[in-house]
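For reference, positions follow the sequence shown, starting with 1. Not measured: the values here are computed from a predicted model.
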Amino acid sequence: MSEPIKNRYDFVVLFDVENGNPNGDPDAGNMPRVDPETGYGLVTDVCLKRKIRNYIEDVKEDAPGYRIYIKDGVPLNRSDNEAVQALGITGDLKSAKKSDPDIDRKLRDFMCENFYDIRTFGAVMTTFVKGALNCGQVRGPVQLTFARSIDPVVPQEVTITRVAITTEADAEKKGTEMGRKHIIPYALYRAEGFVSANLARKSTGFSEEDLELLWQAILNMFENDHSAARGKMAVRDLIIFRHDSELGNAPSYKLFDSVLVEKKEGVDLPRSYKDYQICVSDDLPEGVHCERRS
């Protein structure tokens, strides 16, 4: 694998949804997630990571070094056991550690080298945790916050009908069935993220090539994930702050505060990305550089 990254990064992602449900809440009948105190819309970090993983899987198609650990329909133990077999470990993991004190590092390195999402986000590998190995919990260098809408949202419940009837008995009684969809007419969301060069060097080996692929995945995370339920979703802006050092040259909150997203004058109810203006301050701390991608 390539050398780990040597610079810290912080970033802001702006994405929007039109007539869709960006992240349903199973505890609320799959309605869009909303902060009940403020009315602002929410999208979880887990949801965003899923989109990134899906994009990597589509692009790389399980190429060596770019497999996805957390994926639909694949038990985690199956991937864990690949590392055990590749390293020729037999029997109980606790016993294996006594005979090879370096087994933790070997297993961690194998998983990080083979699985992109472990190298990026880290993972909890239950097989190794139950085996009392320290490598069972890997802290990844890339972390994301919950996304929050710029303005409060008002989810709408839309009644729909369908002519497809489920059972023969129902077909004798009615010609259509009723259903409901929950949508947000329009919302612009903001998520923030962190890339730790320190953790990349010490733990997973996250490289410059991995970083460039991450930016590509973020920009395109909704492009191969369209569905009627999610409406129109798109990443509108990716604002990247690059530090000149491994540990960073400024607190992340100061950099995030330099990104202002506001409604344009005269706009009361935004219904388009064009209803907002995005400004990034030129007065950045010394040793920090800004790049925008869209």
Mind listing the closest non-hydrogen atom pair of Ile218 and Val235 along with its distance? O-CG2, 3.1 Å
Would you call Asp102 and Arg105 a salt bridge, using N to O less than 4.0 angstrom? yes
Under the 3.5 angstrom rule, does the side chain of Thr145 hit a backbone N or O of Glu192 as a donor-acceptor pair? yes
Pair Tyr186, Asp16: side-chain N/O donor-acceptor within cut-off below 3.5 Å: yes
Are Lys60 and Glu209 within salt-bridge range, i.e. N to O under 4.0 Å? no
What are the two closest non-hydrogen atoms of Val267 and Lys263, and how far apart are they? O-CD, 3.8 Å
Tell me whether the NZ or CZ atom of Arg119 lies within the 45° cone about the ring axis of Tyr66 and under 6.0 Å from its centre. yes
Over 60° means perpendicular and under 30° means parallel, so classify the ring planes of Phe15 and Phe222, tilted if in between. tilted
Is the backbone N or O of Gly248 less than 3.5 Å from a side-chain atom of Ser245, with the two atoms forming a donor-acceptor pair by type? yes
Smallest heavy-atom separation, Pro4 atom then Ala200 atom, equals CB-O, 3.8 Å
I'd like to know if the side chain of Arg8 and the backbone of Val195 have a donor-acceptor N/O pair within less than 3.5 Å. no
State whether the side chain of Asp58 and the backbone N or O of Tyr55 hold a donor-acceptor pair below 3.5 Å, judged by distance alone. no
Got a second to check how far Arg108's CZ is from Ile103's CD1, nearest 0.5 Å? 13.5 Å
Is it true that Arg67 and Asn114 share a donor-acceptor pair across their side chains at a distance under 3.5 Å? no
Is there a side-chain contact between Glu246 and Arg201 in this structure, where contact means two heavy atoms from C-beta onward sitting under 4.5 Å apart? yes
Among Leu48, Ile239, Leu238, side-chain contact (heavy atoms from CB on, under 4.5 Å) partner for Val13: Leu238
Closer than 4.0 angstrom, basic N to acidic O: yes or no for Glu291 and Arg242? no
Hey, is Arg180 close enough to Glu157 for a salt bridge, meaning N to O under 4.0 Å? yes
Can you spot which of Thr204, Val124, Leu199 makes a side-chain contact (heavy atoms from CB on, under 4.5 Å) with Val138? Thr204
Check the orientation of Tyr116 and Phe206. Use parallel for under 30°, tilted for 30 to 60°, and perpendicular for over 60°. tilted
Would you confirm whether the ring centroid of Phe256 sits within less than 6.0 angstrom of the ring centroid of Phe11? no
Only one of Val43, Asn21, Asp25 passes side-chain contact (heavy atoms from CB on, under 4.5 Å) with Arg33; say which it is. Asp25
Hey, is Asp72 close enough to Arg53 for a salt bridge, meaning N to O under 4.0 Å? no
For Pro26, does its backbone N or O pair with a side-chain atom of Asn30 as donor and acceptor, under 3.5 Å? no
Establish, from distance only, whether the side-chain atoms of Asp117 and Thr120 form a donor-acceptor pair under 3.5 Å. no
If only side-chain N and O atoms count, and only distance matters, is there a donor-acceptor pair under 3.5 Å linking Asp275 with Ser272? no
Identify the two heavy atoms, one from Ile184 and one from Pro155, that lie closest to each other, and give their separation to 0.1 Å. CG1-CA, 4.4 Å
Compute whether any side-chain donor of one residue and acceptor of the other, for Ser294 and Asp237, lie under 3.5 angstrom apart. no
Going through the distances and angles, do Asp80 and Arg78 end up as a salt bridge (Lys or Arg N to Asp or Glu O under 4.0 Å)? CA-CA 5 Å; Asp80 296 340; Arg78 185 185 303 171; over 6 Å; no
